[in-house]
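Here's the structure we're looking at; comments come further down.
Keep in mind that this is a model prediction, so the values were computed, not measured.
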Amino acid sequence: MSQAKVPVWVNVGLIPLLNILLAFLVSGLVFLAIGEDPIEAAGYLIYGAFGYDEGIGYTLYYATNLIFTGLAVSVAFKAGLFNIGGEGQAYIGGLGVGLVCLWFDSSLPLLVIAPLAIIGGALFGAAWAYIPAYLQARRGSHIVITTIMFNFIASSLMVYLMVNWLKAEGVMSPISRTFEESAWLPYLHDLFAPFGFEIGDSPLNLAFVLALLCCVFYWGLVWHTSWGYQLRTVGTNPTAAQYAGIDNAKVTIWVMLISGGLAGLVGVNEIMGVNHNLLLNFTAGYGFAGIAVALMGRNHPIGIVLAAMLFGALYQGGAELAFEIPTITPEIVVVIQGLVILFSGALENMFKGKIEGLFLRRAAA
Amino acid sequence: MTQQTHPYSIELEGISKRFGTVQANKNIDLQVPAGTIHGIIGENGAGKSTLMSIIYGFYEADSGAISIDGQQVSIRSSEDAIHAGIGMVHQHFMLVENFSVLENVMLGAEGGALLKQGIAAARKELKRLEQEYSLDVDVEAIVEDLPVGLQQRVEILKALYRGAKILILDEPTGVLTPQEADHLFRILKSLKEQGVTVILITHKLREILASTDNVSVMRQGEMVAHRETAQTDKEELAELMVGKKVRLKVNKDEAQPQQTVLSAKDLSFFDGQGVERLKKVSLELKAGEILGIAGVSGNGQSELLNVLSGITPMSSGEIQFAGQIISASAPKNAAQMRDLKMAHVPEDRHKMGLVTGFEAYEAAVLGYHDSDAYNGKLLMDRKAMLDECNERMAAWDVRPPNPHLKTANFSGGNQQKIVIAREVEQNPDVLLIGQPTRGVDIGAIENIHEQIVKLRDAGKAILLVSVELDEIMALSDRIIVMFDGAVVGEVTASDANERTLGLMMANAWNEGQGAQA
Amino acid sequence: ADIKPAVVYDQAGKFDKSFNEGVYNGITQFTEDTGIKIRESEPKNEAQVEQNLRRLAKRGYSPIVAVGFTMMSAVQKVAQDFPEVQFTLIDAVIDLPNVQSIVFKEHEGSFLVGALAAMASETDTVGFIGGMDIPLIRKFGCGYEQGVKFITPNATVIQNMTGSTGAAFNDPTKGSELAKSQFSKGADVVFAAAGGTGIGVYQAAKDEGKLAIGVDSNQNHIHPGTMLTSMVKRVDAAAYKVFEEANTGTWQPGLEILGLSDGGVDWALDDDNKALITAEMKAKMDDVKAKIISGEISVHDYMSDSSCNY
Amino acid sequence: MFETLILILDATLRVSTPLILAALAGLFSERSGIVDIGLEGKMLGGAFAAAAAAAVFGSAWIGLLFAIAASVSLALIHGFACITHRGDHIVSGVAINTIVAGLTVTLGLDWFDQGGQTPSLTGAARFTPITLPFADQLADVPVIGLIYSELLSGHNILVYLAFAMVPVTYWAVFKTRFGLRLRAVGENPHAVDTAGISVALVRYRAVIICGVLCGIAGAYLSTAHNAGFLKDMSAGKGYMALAALIFGKWRPIPVLLACLLFGFLDALAVRLQGVSLPGIGEVPVQAIEVLPYVLTVLLLAGFIGKAVGPKAIGKPYVKERA
Ligand SMILES: Nc1ncnc2c1ncn2[C@@H]1O[C@H](COP(=O)(O)OP(=O)(O)OP(=O)(O)O)[C@@H](O)[C@H]1O
Ligand SMILES: Nc1ncnc2c1ncn2[C@@H]1O[C@H](COP(=O)(O)OP(=O)(O)OP(=O)(O)O)[C@@H](O)[C@H]1O
Ligand SMILES: [Mg+2]
Ligand SMILES: [Mg+2]
């Protein structure tokens, strides 16, 4: 009720900014503690993430993965489900994408393969979410546990398949053969080049556009369809949902399928857009980071895009930092990420009350 | 216990409290004479609970002073209040539901780091209190298994166990049968005789007149009047509360019942724990009549509404409705029942009737969200929803008439209007309606009652569940009484009176008494 | 002018106690000897590998040493785009005019330590603990098994893998449990090819008074008296050589396979384990080694047909 | 056969020890209403602090103290975010896990220069096995000897401590004043507040206890079960502990059983690797590896049914109309 009086920019601008600043301040202390110059480091971090077009490309490329997993976590959250299994769903989704590419890359054109791969990724991701969803809906098995278990199972399954079935001939590592170019999702820099836009070489590819489309899809689905209405009802008040004749179990299963499908699209970016072959561990923790992205993005697509960009910037800026100052290890970048999650996520209310109070008092005076 | 050092147990001076933009308490003065029962009345949202919460240290006042027995005290937490000898029974019980009675009573007064030491002492003390005030309750019982009446006794025991000299009760009778309420007032009387000062908040003027010594009236956050109970009457108090004259009776004509539209035969329902919550309930509902279901809450009324409306499937029995036979083997869910033109205003608008996180226009289509009226080909038709919501808000005088306001931010009465409007405007053949005026103030009650009668007169069949006997008697054409999941009696409205119904509700009625009741 | 060399480690990082660390040691030595600084980079994921390679190439670094088979596809892409830059890829093969590929005959080294294990074993049961179940690790296991059977044909070789996530190379707890389980089945020598997981294996061996065999770099010093030997893979020497050749202008693209004959792989004998190796064992080892080099013993390479049928 | 079983059970005890400690830690936290997916991070932080201090001071006990201090500090951060500032419990937990994953390696590199590891610990810097009285003498007695000297004897003190913590936890949660308040605050903080008890204080105490237990679990990893710290060495155990906590429905004894089950399946999987099964032949390693996870899912689906946690769990406490 009090928010009405506080200017919007305070809540969406000032307070988040303060929180991030604080995170950087504390990170600076860590830098000092290990004898590095925090100012120089901050410079590289920011320059790396936003300072030149290639860097921006990388930032957005990471953000693409995080948008998918963030949306995945978020849509389940909307129905009151905590899908901690984005990692496994993304992994298996990637398998789906990879299989489509491996099967069709020499027989079909990109225009056909791309939609097939997207469907493949989404279907495989959804399939991996189905059992936990079914068990939650019909047997009440706690979805947090089952999705954790399915993450482990996905890892084992992938190693088994890669090593015994999908590995290319004659290479050491368990990676599949590289796809024919007809199964490569175009890079944005290649797409823009004919129009005279020079954007730096980066892995940023069409999957980014797909991610943005998913945001629109999410927004429409959740807030503008009757199904989304049911979903939100189940998530906020299951009793009211029963009263309204909504089948909670059915909604649970469907929303998890969508969640898993969204997570599975990470494979489109990673497998089809960047690596161009099927490999192990390409999910690299994006599924878990998606939890933080979803929550920090307040479970809203715009928020999720912003949070994903923030994290993408940290990944890319951090890589730049570690690259430019070799004595700085990649792990310290992880610390910065953690601090950002802490201060702008978990401690987001720390300043809120005081600052709002300040503005309210000024408004009252 | 009776030596009084000061004429006033509690004195409040200039208490103010604001929540954001709401000034809940404005410069309140109050003096409560020691060893009396002091009533406080006021409309919903007048600020009564807030004031009591301040005395109990649950909220801190923005300004003002509190004195206990003439000593100014600083009450900054409930702990301070308990030390000052204040006990409170909250409007919404503050019990840990899966704890036993004993554990609840001991919480915060365990008497040592190990429970073992305290348990024996607590048992003994409870036994004494139970005997002294005839507050029987099984101390080993788990609170959530107890009927609300007993839960309330647990709250009182909690306060007494902590040695309260001042006992605050916030709307204690809302959930009690008349007999239970009578028992409560006997308890309060004996407390008063022991020197305990009682502050009683209630909406029921009858109770104020029957049991208090003094009464104070609040309106919109301010203390507007003090009266000696003996010197006032219902009409005056009602007028002081609302600020205008109110009619205290429902106007309605004789019912014109027509054909039976819904009949239920031998409905039984077992809950998840295997407890039989409905026992072979049969009833018939006719067009153009209001069938009232009386009973203390927790005696199967909620389950009956849930089974009839399709929310929970029955265990056995059958329902005939709209040419269909619905049974355990051929169930229909809530959405399907709605399609057959059955509407349902649930008992609990927060838990069931609304999604309080939704904006009003969204909550206004709950259950009808799939209907063509609100859906385009692919997406929901937001404009249609908003237009209709605006219309209804105007027609039903919902305040503020803002379809974008979060449902949670409407007052209870206005939330209730949103729910009732939604269900009634679907033009159903049968309307199930539970606790239509729970927590709703006098002005709004009048309006809701009028609407229900109007609907009946339009030939709809209405099943009304209420724990308010006044309401049941004022509205119903026929009354069924439920006890322990079964129907224990049926009377016509003209034969009904408070005593008979009250006894039936307590299952203490036997036919012989009927005639002279 | 001095060369401008660089190295890109794989995701295990340069202090992985084995493979990357070997390269790191080689570099340190090289810098010490020549005063030439080497640019190091530790990417954390697939995308960063390519990013860093590309950036180093753009900034004129050459040669660029890429450590580990996971870099293969990235090197392939970047090497094509920078034909004037020299790339050396360790542990995988790329056929490009500006790429040198260095691979090792791990199976030969594993055969050797397998033979030693069989000699040291009193129970005729020995163990192998791999990290993740990938072809490279199976290659180690397969060579080891052949060596054991060569000495004691009816010996039992218990083989275990640690797991399927990246953590499999970093799970000493699991390593120690696997080792204990092998000991309880009678094994008294265990060979770990499992990165950081090995630490747990060696500790378990020490705690139970059994023998362990280290991998990649010489790990004998970790627990003298427990470490029977280490199967060393001389990535340090290989890395050193790459930079030296680049420095003297003799760097050549193409495939280089390092095995026993050129000291690319070997077993480690030093002060830390000499008490465990009898003269007789040493003699036998020299004999086996010579036979492998001469081709009298042919060690089957798992990678050649993705199976361990020898 | 019997001996194999004993050995598997013996491994079960070792493997489940950190799970038990962490799950009990979670029990205290979650019973008070504070969700804790930061068990993993606290354990990892504890493991690092223990190994670092043990390496520097040469004493496992000092290591243990440091582990507890580190883990409690992390717990207090969690409390500060969730209790004082009503932050999201899950985000806070994720943040702590992330920070610790990075910080341990960063500090390890800076302090010890061994690639983020601590030096290998020996002697008094480690908790070593304790031989129970008469274990050696009884070793040859059939059945009993094996059970006593193999299974029960010969573990380090932290293993015994973990198992002792189960009855202690039971007692603390169900038989003490603190336990009563703890359970109440997780179910209905309003009731606790109106009973004159500070909700925040009870919750802070709970998260501190949680920190202590996680610290011990961490010390076990790096100074008892292993001999030094290695990055990410908690390897998902915090999540498994959380699963065990939910599996055991937030009650000490069932939680213990869940941990033992996970430990047993893990130990079993280790021993089943490479074994040929009649009719099937050699099972792929991966199939054995997933056994514990698959069985957990099956058990959950088959027997456990709905796990209903403390009612107020994960919800920030704000005074308002209920
Ligand atoms: N925690 C709170 N936050 C914001 N507003 C509050 C809070 N508690 C009470 N209010 C507001 O303060 C006013 C007084 O509320 P209070 O509960 O004291 O009324 P009441 O007289 O007890 O009403 P009722 O008869 O419905 O119990 C109302 O407008 C209410 O909305
Ligand atoms: N949590 C809240 N946040 C914001 N506003 C609130 C909140 N609770 C209540 N209000 C506002 O306070 C006012 C009074 O609320 P309350 O429920 O006490 O009203 P009431 O007097 O009981 O109304 P009615 O007579 O219709 O039952 C309402 O206008 C409502 O919008
Ligand atoms: Mg009130
Ligand atoms: Mg109200």
Any idea how B/F58 and D/H190 line up, ring-wise: parallel (<30°), tilted (30 to 60°), or perpendicular (>60°)? tilted
Can you classify the ring geometry of D/F262 versus D/F247 as parallel (below 30°), tilted (30 to 60°) or perpendicular (above 60°)? tilted
Taking atom [atom1] of [X] and atom [atom2] of [Y], what is their separation to the nearest 0.5 Å?
X	Y	atom1	atom2	value
B/I55	B/I168	CD1	CD1	4.5 Å
D/E187	D/R31	CD	CZ	7.5 Å
B/I199	B/M52	CD1	CE	5.0 Å

Top contributor to chain D contacts, counting heavy-atom pairs under 4.5 Å, from B/G57, B/G112, B/G111: B/G112
If you count heavy-atom pairs under 4.5 Å between each of B/L107, B/L114, B/I119 and chain D, which one has the most? B/L107
Could B/E125 and B/R162 be called an ion pair, given the rule that one side-chain N must be under 4.0 Å from one carboxylate O? no
Partner of D/H78 by side-chain contact (heavy atoms from CB on, under 4.5 Å), out of D/I37, D/V35, D/I34: D/I34
Shortest non-hydrogen contact from D/L39 toward D/C214: CD2-SG, 3.6 Å
Among residues 77-90 of chain B, those lying within the under-4.5 Å heavy-atom range of chain D are B/S78, B/E79, B/I82, B/H90
Pairing donors with acceptors under 3.5 angstrom, does anything connect the side chains of B/Y161 and B/N104? no
Could you verify whether a donor N or O on one side chain and an acceptor N or O on the other, from B/N25 and B/T50, lie under 3.5 Å apart? no
Quick check on the structure: residues of residues 194-213 of chain D within a heavy-atom distance below 4.5 Å of chain B, by number. D/T194, D/A195, D/G196, D/I197
